[in-house]
Amino acid sequence: MKYLTLAETYRDLQATSKRLEMRDILVDLFRGTEPRLMGRVVYLTQGTLGPDWEGLQLGLGEKLVSRAIALTAGISDDDLEALVHREGDLGLATEAAFASKGPKQVQLFQESLTVDRVFESLTQVARVEGSGSTEKRIRLLQQLLMDADPLSARYIVRTVVGKLRLGIADMTILEALEKAFLWAEDEERVMGSDKVVEAIYNVHPDMGAIALAVANEGAEGLAGFGIEVGVPVRSMLAERLGSTPEILEKMGGRCAFEYKYDGMRIQAHVGPGGVHLFSRRMETITSQFPDVVQAMESAFAGHEAIMEFEAVVHNPETGELLPFQEVSHRRGRVHGLAESVEDYPLVLFAFDLLYLDGEELLLQEFQLRREALESLLGKAGEGPIRPSTLRWVEDPEGGDDFFLEAISAGCEGIIAKAVGEGSHYRAGARGWQWIKYKRDYQAGMTDTVDLVVVGTYAGAGKRTGFYGALLMASVNQEEGTLESVCKLGTGFKDEELAALHERLSPTVLKEAPGNLRSGLQPDFHVQPELVLEVLGAEVTLSPVHRCAYGHLRPQTGLAIRFPRMVRLRDDKGPEEATTSSEIEDMYRRQLKRAD
DNA sequence: GTAGCGTCCCGCC
DNA sequence: ATCCGACGCATTCGG
DNA sequence: CCGAATGCGTCGGATGGCGGGACGCTAC
């Protein structure tokens, strides 16, 4: 099968926004594909090379792909950038570049690419590692692009940068698989009426394997798949809602509230094959959490189980729960693992049990799963694993109390969970069975806080155009100190920034005694005399929400992001920065110079 | 050769 | 993570 | 009565900050 066939299908898919039409285009593609190739065709259409938990990554993003394109098409980086600007995205820019100039090799060989060739080349790109690997990757991509016609090049490039932009994703592909291989030729049904393939995908999210099976053996091919320890189950997701009365209405008057912990979601599989940990997006993260693996082994030895919990960093002395930033130090870690386990100790708040010793609990109602979870944890004894805090709620008052309790416990809010009929674990679905209610929108948390402007920064944003923000600090009037530094606004418009300046009517604050420090980064101390050129004096920006940890959110419609950056000046005048990490880097440099 | 920094990518929320 | 637009489908509305 | 309007759920894409790793480059 030629890759061009695939590319043409992609082009057709893009031409419509109607999902039924897209599904049928895919159905035609699948029915016309040799069964042998179905896995690869489906992976490519998903924009991947294999299931998420295998963790293959191409390691090429926009920048590096751009280099490969410029080399292949024989144009300069600047020209390519101009093309991207004109055409709208890197894929279209490549197509245009290839169409007008055309790499010589294309004209010489005209050896059209096959699906196999593209798939194998990309897999090869993903496998390269070590010194020189970036160059090697670029070269491999370049070789592939040399044999690509303009349309194929468009989609190869988009595949590599991870933005296929077809208007289709998992759900549409699943529908198409279902129709192509399980329905009679010209049958029509209401969309989503059967969902046999989706049901399998939810407990075995490997679209390529499923496609291969179903294309070869039809419905019988699905028999081999089912929930399995070691294979991640698609996570159930929540919708967001703003108040307890709304939640109770959606839930039919009765539901369970649980703390929404500010941590990282982990799905743990325990079985004879050992412990496997998966992230919310089904990446394998086992090796990053040896402490979790150990806790699972000792707590659930002899059991086969799949459970979900939120991993939260806490202070073992005080029991205080620390915010997400802390646990993110643990994520993706390879070096200094032992230290990070020590520095960021975890508590694991288990909130669901999907499978236990041969029983598919995910099919059961919430109460049953919860009971099973609690009894399993009860037997597990002391340790870092605990059940999530839960309350059965039937009236808004009880719900609000619980919400405030959750906030003061250091949580983000609550998750409301449907109970009774229909409250089985809906793998892969986002919906009202689980409702998120987060602190951002909680009225009644309002508090007036004096803020001072301690810095501004502005620059040309990469995508959004103008970028600007104010660095604010709240003032502790009694102590005369600054606390809770935060950034106000990202990417807001020129006029808005000017208006804010106006409104804040700055005067100079001479001294900022004490350490200026981020509420989220206790170890991130800033010497104000080093870093502050204070532009503004005390201003009152009210009302302001003061939330747990001192995050601030004014009712200006602008977000205040979690702070840890400081705007700096040096002798050369203000530096510009567009991201918090750049600002942080600036700060580090400044500190260094001060030494 | 390598330490230290910069760039880029990626996956968490 | 949040937000938003487009579609599909069921129900209600209105000429 | 039937087509139009409405309401609601669903899906997919676009957007953001942040932390960490891998690799590349360069000055010693």
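Hydrogens, waters and symmetry mates are skipped; everything else that's a heavy atom, side chains included, is used. Residue numbering restarts at 1 for every chain, and letters A, B, ... go by the order of the sequence lines.
Tyr261(A) pairs by the ring-ring contact (aromatic ring centres under 6.0 Å, His included) definition with Tyr259(A), Phe349(A), not counting sequence neighbours.
The nucleotide whose nearest atom lies closest to any side-chain atom of Glu129(A) is, among dC11(D), dG24(D), dC23(D), dC23(D). If you check dT2(C), dC9(C), dT10(D) against the side chain of Arg426(A), the one that comes closest is dT10(D).
Between Tyr10(A) and Tyr155(A), the ring planes are perpendicular. Angles over 60° get that label, and only those under 30° would be called parallel.
Protein atom CG of Leu166(A) is 15 Å distant from nucleotide atom C1' of dA14(D), rounded to whole Å. Atoms CH2 (Trp432(A)) and C1' (dT10(D)) sit 12 Å apart, rounded to a whole Å. Rounded to an integer number of Å, the gap from CZ of Arg23(A) to P of dC11(D) is 13 Å. In this structure, Lys195(A) places its NZ atom 11 Å from C1' of dC11(D), rounding to the nearest Å. To the nearest angstrom, C1' of dG12(D) lies 11 Å from CE of Met171(A). Counting to the nearest Å, the P atom of dA6(C) and the CD atom of Gln14(A) are 16 Å from each other. Rounded to whole Å, the distance from CD on Glu21(A) to P on dC11(D) is 19 Å. Taking atom CZ on Arg165(A) and atom P on dA6(C), their separation rounds to 15 Å, with Å as the unit.
As judged by a 4.0 angstrom heavy-atom cut-off over every strand, Gly132(A) is placed among residues touching the sugar-phosphate backbone only. Among the protein residues, Lys250(A) comes within range of the sugar-phosphate backbone only, with heavy atoms under 4.0 Å from sugar or phosphate atoms but none that close to a base.
With no hydrogens or angles considered, a side-chain donor-acceptor pair links Tyr425(A) and Glu308(A) at under 3.5 Å.
Between the side chain of Asp262(A) and the backbone N or O of Phe324(A) there is at least one donor-acceptor pair closer than 3.5 Å.
Not one side-chain nitrogen or oxygen of Thr134(A) sits closer than 4.0 Å to the OP1 or OP2 atom of dA22(D). Side-chain nitrogen and oxygen atoms of Arg19(A) include none within less than 4.0 Å of the OP1 or OP2 phosphate oxygen of dC7(C). The phosphate of dG12(D) (OP1 or OP2) has a side-chain N or O of Thr172(A) nearer than 4.0 angstrom. Residue Lys436(A) places at least one side-chain N or O under 4.0 Å from the OP1 or OP2 atom of dT2(C). Note on His335(A): every side-chain N or O is 4.0 Å or more away from OP1 and OP2 of dG20(D).
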Quiz item: What string of B, S and - do you get for nucleotides 8-13 of chain B, 5' to 3', when a contact is any protein heavy atom under 4.0 Å?
Solution: SSSBSS
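Inter-residue side-chain proximity for Val313(A) and Leu346(A) is flagged as met; some heavy-atom pair is nearer than 4.5 Å.
If you look at Trp434(A) and Phe366(A), their ring centroids are not closer than 6.0 Å. For Phe351(A) and Phe309(A), the ring centers sit 6.0 Å or farther from each other.
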